2 protein chains.
Amino acid sequence: MMTKPLAKSAVSQQRVLDAAARVFRDCGYAGATMRVIADQAGLKAGSLYYHYKSKDELISAVLDLGMNATIGALKAALAGLPPDATARQRLEVAFRTHVTTIIANGDYSLATSRVFGQVPEAIRVQHEKVRDSYGLMWREILTSGQQRGEFRATANLTLARLLILGALNWTAEWFKPGTRSIEDVTSGFAAIVMDGLAAPDQL
Amino acid sequence: MMTKPLAKSAVSQQRVLDAAARVFRDCGYAGATMRVIADQAGLKAGSLYYHYKSKDELISAVLDLGMNATIGALKAALAGLPPDATARQRLEVAFRTHVTTIIANGDYSLATSRVFGQVPEAIRVQHEKVRDSYGLMWREILTSGQQRGEFRATANLTLARLLILGALNWTAEWFKPGTRSIEDVTSGFAAIVMDGLAAPDQL
DNA sequence: GGTAAAATCGAACGCTAGTTCGAAAATTTG
DNA sequence: CAAATTTTCGAACTAGCGTTCGATTTTACC
């Protein structure tokens, strides 16, 4: 039973990846040096190349993890919902799941969003597909809600999706655990997006 | 009448600044090299130091311009509004002004938002004050609307502000002139934020 | 048009980047 | 515990970084 043929290496590899996410997030792609990443992982620069054969492969792994964590979490959360859930419920769950994931994986999420525009072209185009697939999941949530008549027929769902994702991704920049709960933020966001700020007409 | 004692130099300085904004946006702070910036400005690396005495001074100038353009535009737009304008009108104008500015100054705006987290600490804290003052302008728009009774008394305005600014800033990443007009985007955003996505209850 | 000033160049500086690789240490295996 | 393997080290390499500065060109002025 060879249940762990990658003991030491796997641990080290994970530490390198975590360190890389942190440093990429703080310093950007070019500013993150292999020596600093290695130092944060408790290694020397040369040793990194035993686990990843280049800086590009490292950033690629970080981008992968950052994006796939978010996609997987949303997929699982939606699958766990009862089939008769309202569109509003689905939207709220999606809000909460997205924010929870990018806060929990803060280093990776922030690294992903901050560094994406600076990465070598070849790496970027490869991850653009994954990004698009995530956008499609949100489009599905919104269009099905409109088809069920829960959302205004006149609402521009493409704009709604861009507004929502922009607002949610921005949370990673300002959210500090402790002051406000993720639940408060996401339910507050959902209330605005669903019902709007305007006071209801009084007659 | 010495109306232009800084002819040639001013032109060159502007070209350098424009080039710097573009390169910082694409490559991040560390990835933007003085040689590439110079090349984009039609100069050699050494010549940059005639206009700016260091890379830090260059990024600082880019950050200044990116932020002050947005602040100045919003201030002017609000001042141009009639005193009896509704909160909804004020909000729509603020939306349109913000997006228009960051699209028009795309290089500077994207450079500012992408590079801000990677800049040396001393430069960052200096510009954080300017950022905060911008946040205050939005807070004012929202609270005055609530005091006038146009916005729900129960609405969490802090969250609303964070949602709005997140969504608006994100436009710089996806908006491509030609496909959709800025007017469409901002009025669509305003409709969602004001009235929400939910279909009105039918009785 | 000649001259003083402004603007640019180009070579050089010290430093640090990503990466390589043989030697050394740590770990696993028989 | 010894041998084999995995993992880490540390020194070295080339390349490119930000920056400096005297020489050179371009511009503005009388």
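Hydrogens, waters and symmetry mates play no part in the numbers below; they use all other heavy atoms, side chains included. Since this is a predicted model, take the numbers as computed values, not measurements. Order of the sequence lines sets the chain letters (A, B, ...), proteins ahead of strands, with each chain counted from 1.
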Check: At under 4.0 Å between heavy atoms, what does A/Ala32 touch on the DNA or RNA strands: base, sugar-phosphate, or nothing?
Finding: sugar-phosphate
Next item on the list: Scan B/Ala38 against the nucleic acid and name what it touches under 4.0 Å (heavy atoms): base, sugar-phosphate only, or nothing.
Entry: nothing
Just the rounded figure in Å: distance from [atom2] of [N] to [atom1] of [X].
X: A/Glu57; N: C/dG18; atom1: CD; atom2: P; answer: 15 Å
X: B/Asp39; N: D/dC17; atom1: CG; atom2: C1'; answer: 16 Å
X: A/Phe24; N: C/dA17; atom1: CZ; atom2: P; answer: 13 Å
X: A/Leu58; N: C/dT19; atom1: CG; atom2: P; answer: 9 Å
X: B/Tyr50; N: D/dT27; atom1: OH; atom2: C1'; answer: 11 Å
X: A/Leu43; N: D/dT8; atom1: CG; atom2: P; answer: 5 Å
X: B/Gln14; N: C/dA7; atom1: CD; atom2: C1'; answer: 17 Å
X: B/Gln13; N: C/dT8; atom1: CD; atom2: P; answer: 10 Å

Next item on the list: Measure from the side-chain N and O atoms of A/Thr97 to the backbone N and O of A/Ala94, and report whether any donor-acceptor pair falls under 3.5 Å.
Entry: no
Distance-only donor-acceptor pairs under 3.5 Å for side chains of residues 18-36 of chain A, two or more places apart:
unit_1, atom_1, unit_2, atom_2, d
A/Asp18, OD1, A/Gln14, NE2, 3.1
A/Asp18, OD1, A/Tyr108, OH, 2.5
A/Arg22, NE, A/Gln40, OE1, 3.4
A/Arg22, NH2, A/Gln40, OE1, 3.2
A/Arg25, NE, A/Asp107, OD1, 3.4
A/Arg25, NH2, A/Asp107, OD1, 2.8
A/Tyr29, OH, A/Asp56, OD1, 2.3
A/Thr33, OG1, A/Val36, N, 3.1

Run the side-chain donor-acceptor check on residues 65-81 of chain B: report pairs under 3.5 Å with partners two or more places apart or on a different chain.
unit_1, atom_1, unit_2, atom_2, d
B/Asn68, ND2, B/Asp64, O, 3.3
B/Thr70, OG1, B/Gly66, O, 3.1

Next item on the list: Output all residues satisfying salt bridge (Lys or Arg N to Asp or Glu O under 4.0 Å) with B/Glu140, sequence neighbours left out; order by chain, then residue number.
Entry: B/Arg90
Margin query: Just to verify, what does B/Arg148 make a salt bridge (Lys or Arg N to Asp or Glu O under 4.0 Å) with, not counting sequence neighbours?
Written below: B/Glu150
Notebook entry, point to check: Are A/His98 and A/Phe189 close enough that their ring centers fall under 6.0 Å?
Noted result: no
Note to self: Is the phosphate of C/dT8 approached by B/His51 (side-chain N or O, under 4.0 Å from OP1 or OP2)?
What the structure shows: yes
Item checked: Side-chain N or O of A/Ser12 closer than 4.0 Å to phosphate OP1/OP2 of D/dT8 -> yes
Checklist line | Residue pairs passing the salt bridge (Lys or Arg N to Asp or Glu O under 4.0 Å) test where at least one lies in residues 129-138 of chain A, sequence neighbours excluded | finding: none
Where do N or O atoms of nucleotides 19-24 of chain D meet protein N or O atoms at under 3.5 Å, pair by pair?
unit_1, atom_1, unit_2, atom_2, d
D/dT19, OP2, B/Tyr49, OH, 2.7
D/dT19, OP2, B/Lys55, N, 2.9
D/dT19, O5', B/Tyr49, OH, 3.2

